[in-house]
2 protein chains.
Amino acid sequence: MDDESWSPPQVLVAVDLVILTLRAGVLQVLMVERGIEPYRGALALPGGFLYDEREDLLGAARRELREEADLEPERLHLEQFGAYGAPDRDPRGRVVSVAYLAIAPGLPEPVAGGDAAGASWRPVQEVASGRSCLAFDHRQVLTDGLELARSKLERSSLATTFCGETFTIAELQRVYEAVWETSLDPRNFYRKVQGASGFVVPAESEPRPTKGRPARLFRAGPSTVLYPAITRPDTAEQEDGA
Amino acid sequence: MDDESWSPPQVLVAVDLVILTLRAGVLQVLMVERGIEPYRGALALPGGFLYDEREDLLGAARRELREEADLEPERLHLEQFGAYGAPDRDPRGRVVSVAYLAIAPGLPEPVAGGDAAGASWRPVQEVASGRSCLAFDHRQVLTDGLELARSKLERSSLATTFCGETFTIAELQRVYEAVWETSLDPRNFYRKVQGASGFVVPAESEPRPTKGRPARLFRAGPSTVLYPAITRPDTAEQEDGA
DNA sequence: TAAATAGTGTCTGTAAGACAGTATCGA
DNA sequence: TCGATACTGTCTTACAGACACTATTTA
């Protein structure tokens, strides 16, 4: 290992982004269509190489968020969740990719303009499950990012970052239902959200156009950690053999 | 970004290992004393650069485990938990380090022999908390790895990997107490461990030398996920301002 | 009025924490 | 026998899930 003539291999470092949002009640992920080889024409997560020697990983993630997704990094949740470095994951050579999870409030327009030309929101279910062809190991990256988002919904106030400035409890519930792919009892959900101190605080503002009784509006509260947690329903508890 | 003349920076990739074990009832981490600059003489986590173009990250972690810690990777829990890539984290140049958490059963001897010459077990509390000088950003890496271990004890059967082939409930409790830096009620702990289906299974074998009534022996059960979880006592729930 | 959505209350089972009590060993 | 450790049981409170009910809007 400390061989005099040995020197460690040079590697390219990239960041990849799993950017989630809720549009029309379904969980969507931002994907770009690759214009160049390898995987030309396939879907890929937004991302790219480190720009220069001085850029740090989070900085690169923020830059890609702006360039490829046309999103303001300052307002978004952005969190690292893994490094992917299989030697053959990129046919061009050795690339280690660090993955970040970003959450954006539902945006009315599909991303447009600037460098984000090829980017579009896609339903997560469609992209993650089987059929479509994803570049590199991005299916695995997506799956891991999704699982992080799902588990963080339980014990952190992450869910509010899917919503706008103010939101109703029912809207918040739709976030949980979309990310978890479940349905929840609105009455129990209401009780639990109210019971988690500091999760949401009332926001007095004009009611929304609606059928039925207008809902109260809330905004994100001071807590980042939820206690008690909003627990995810059993999705068939797993066991595996020794 | 797609400037023709631009090319991404070459980076060195390393793996760093947080290797935890329990010795004499205290949580210890394997540290090496650096023999070369930078940070000569300081304590560092075991680790090193990727060996060649074909080695993958987990492979590198396994190799370092063998070389630097003289441990058999096959028998240990080994899990990635983060990538560290601040531009100035290594004065020699740009290095991105991928961190792994490893758990070893208590080993009677301090590590010796082979490349592991400079390695020694140190109490985590002493290393992580303040005083001693750690190389690079290894204090942060250690802290993050520790927090992963602590949280995984709650919902996974990780704790049994700190123990030998067979163990008593009291020994398992000492694992939780050491990692969490708490004390637990033995009676409630007993009930919870038994209640978590598949966590431990009885092992019939000769009782141990002991004062008092000899304890039953168990071995790790088939479950990797704990239900119900073994919950960590409140360590002052945190809130932070918006 | 009805239809629709919002919000409250109540009941039941399970799990957590506190702690009393019984069992089985060595000396 | 006593001291020590192992193990069992019981009580109280908190939370999860199920679901009945009341409230407030539009049509």
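The basis for the numbers below is simple: all heavy atoms, side chains too, and nothing from hydrogens, waters or symmetry mates. Numbers restart at 1 for each chain; the letters A, B, ... are given by sequence-line order, proteins then strands.
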Identify all side-chain donor-acceptor contacts of residues 179-186 of chain B below 3.5 Å with residues at least two apart in sequence or on another chain.
{"unit_1": "B/W180", "atom_1": "NE1", "unit_2": "B/R150", "atom_2": "O", "d": "2.9"}
{"unit_1": "B/E181", "atom_1": "OE1", "unit_2": "B/Q125", "atom_2": "NE2", "d": "3.4"}
{"unit_1": "B/T182", "atom_1": "OG1", "unit_2": "B/W180", "atom_2": "O", "d": "3.2"}
{"unit_1": "B/D185", "atom_1": "OD1", "unit_2": "B/R187", "atom_2": "N", "d": "2.7"}
{"unit_1": "B/D185", "atom_1": "OD1", "unit_2": "B/R187", "atom_2": "NE", "d": "3.3"}
{"unit_1": "B/D185", "atom_1": "OD1", "unit_2": "B/N188", "atom_2": "N", "d": "3.1"}
{"unit_1": "B/D185", "atom_1": "OD2", "unit_2": "B/R187", "atom_2": "NH2", "d": "3.1"}

Protein proximity profile, nucleotides 16-27 of chain D - base contact B, sugar-phosphate-only contact S, no contact -, cut-off 4.0 Å on heavy atoms: SBBBB--BBBS-
Salt bridge (Lys or Arg N to Asp or Glu O under 4.0 Å) partners for A/K192, two or more places apart: none
Option from B/D16, B/D137, B/D144 for which side-chain hydrogen bond (donor to acceptor under 3.5 Å, both in side chains) with B/Y84 holds: B/D144
Donor-acceptor contact below 3.5 Å, side chain B/S156 vs main chain B/L153: no
Test item: B/E68 side-chain N/O and B/G47 main-chain N/O as donor-acceptor pair under 3.5 Å: yes
Set of residues satisfying side-chain hydrogen bond (donor to acceptor under 3.5 Å, both in side chains) with respect to B/E177, sequence neighbours excluded: B/Q173
By side-chain hydrogen bond (donor to acceptor under 3.5 Å, both in side chains) - contacts of B/Y190 (at least two apart): B/R216
Whether over 12 other heavy atoms sit under 6.0 Å from B/E74 CD: yes
Span of DNA chain C in contact with chain B (heavy atoms, under 4.0 Å): C/dA15 to C/dG26
Rounded distance in Å - CG (A/L226) to C1' (D/dC15): 14 Å
B/F167 CZ to D/dA6 C1', straight-line distance once rounded to whole Å: 16 Å
